[in-house]
Amino acid sequence: MAWFILFVAGLMEIGWAIGLKYTDGFSRLVPSVLTLAAMAASILLLGWALKTLPIGTAYAVWTGIGAVGTALLGIVLLGEPATAMRLACIGLIVAGIAGLKFVT
């Protein structure tokens, strides 16, 4: 269950990171409220997962999910470049996340 909670926390991490782009410096109310809610949910869920999981593993997985998801959504939603090297680096992060899950 802790891994599922950590995964959802990672999804919230993606949500707030992408949400920041749509807040226009926190000048737009709805995107700002949603972004702040995703931030709070992400931290609360991470804290909950840490009751069971080791901090180093959980934090690395949480930030990894956020980094991979944000990078991919940047490509899909925001037209950021999808170069081979960039995708390979994203793949390395995914491999690291999977490796940490495997050994924990």
Side-chain angles (χ1 to χ4, degrees):
M1 187 66 173
W3 282 103
F4 176 74
I5 292 167
L6 183 61
F7 177 73
V8 174
L11 294 178
M12 293 293 105
E13 178 89 354
I14 297 166
W16 75 256
I18 292 296
L20 282 173
K21 186 72 171 174
Y22 294 100
T23 67
D24 284 333
F26 289 101
S27 65
R28 296 179 59 212
L29 180 62
V30 173
S32 296
V33 169
L34 292 174
T35 298
L36 291 170
M39 285 178 177
S42 182
I43 292 292
L44 290 170
L45 290 170
L46 174 62
W48 194 5
L50 288 175
K51 290 181 178 181
T52 306
L53 299 173
I55 183 69
T57 299
Y59 185 75
V61 170
W62 178 66
T63 57
I65 291 169
V68 168
T70 302
L72 292 176
L73 284 179
I75 291 167
V76 172
L77 297 177
L78 305 172
E80 295 177 359
T83 64
M85 188 58 124
R86 186 173 182 166
L87 294 174
C89 290
I90 291 169
L92 288 171
I93 297 169
V94 171
I97 292 168
L100 286 170
K101 167 70 171 101
F102 237 6
V103 300
T104 302

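Remark: Ile18 CD1 to Leu73 CG distance equals 5.0 Å, nearest 0.5 Å. The CG atom of Leu44 sits 11.5 Å away from atom CD1 of Ile5, with the distance rounded to the nearest 0.5 Å. Note that CD1 of Ile43 is 12.5 Å distant from CE of Met12, once rounded to the nearest 0.5 Å.
Remark: the backbone N or O of Ala38 is not paired with any side-chain donor or acceptor of Ser42 at under 3.5 angstrom.
The nearest pair of heavy atoms linking Ala58 to Leu6 is O-CD1, 3.7 Å. Contact record, Thr70 with Ala17: OG1-CB, 3.5 Å, taken as the closest heavy-atom pair. Residues Ala82 and Leu87 come closest through the heavy atom pair O-CD1, 3.8 Å. Nearest heavy atoms, Gly69 versus Ile14: CA-CD1, 3.5 Å.
A chain of hydrophobic side-chain contacts below 4.5 Å, direct or via other Ile, Leu, Val, Met, Phe, Trp or Tyr residues, connects Ile75 to Leu77. Under a hydrophobic-cluster definition in which Ile, Leu, Val, Met, Phe, Trp and Tyr are linked whenever side-chain heavy atoms come within less than 4.5 Å, directly or via other members, Leu78 and Val68 are assigned to the same cluster. Linking ILVMFWY side-chain heavy atoms closer than 4.5 Å, directly or via other members, places Trp3 and Leu46 in a single hydrophobic cluster. Linking Ile, Leu, Val, Met, Phe, Trp and Tyr residues whenever their side-chain heavy atoms come within less than 4.5 Å leaves Leu53 and Val103 in two separate clusters. Val30 and Leu36 end up in different hydrophobic clusters when Ile, Leu, Val, Met, Phe, Trp and Tyr side chains are linked at under 4.5 Å.
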Decide yes or no on side-chain contact (heavy atoms from CB on, under 4.5 Å) for Arg86 and Glu80, but give the supporting numbers first.
-> CA-CA 10 Å; Arg86 186 173 182 166; Glu80 295 177 359; 2.9 Å; yes

Starting from the C-alpha separation in whole Å, work towards a yes-or-no answer on side-chain contact (heavy atoms from CB on, under 4.5 Å) for Trp48 and Val8.
-> CA-CA 11 Å; Trp48 194 5; Val8 174; over 6 Å; no

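Under the rule for a side chain to side chain donor-acceptor pair (under 3.5 Å), the partners of Thr57 that lie at least two apart in sequence or sit in another chain are Thr104.
Side-chain contact between Ile97 and Lys101: absent, with no pair of heavy atoms (C-beta onward) separated by less than 4.5 Å.
Sorted by first and then second residue, the side-chain hydrogen bond (donor to acceptor under 3.5 Å, both in side chains) pairs with a member in residues 15-32 read Glu13-Trp16; sequence neighbours excluded.
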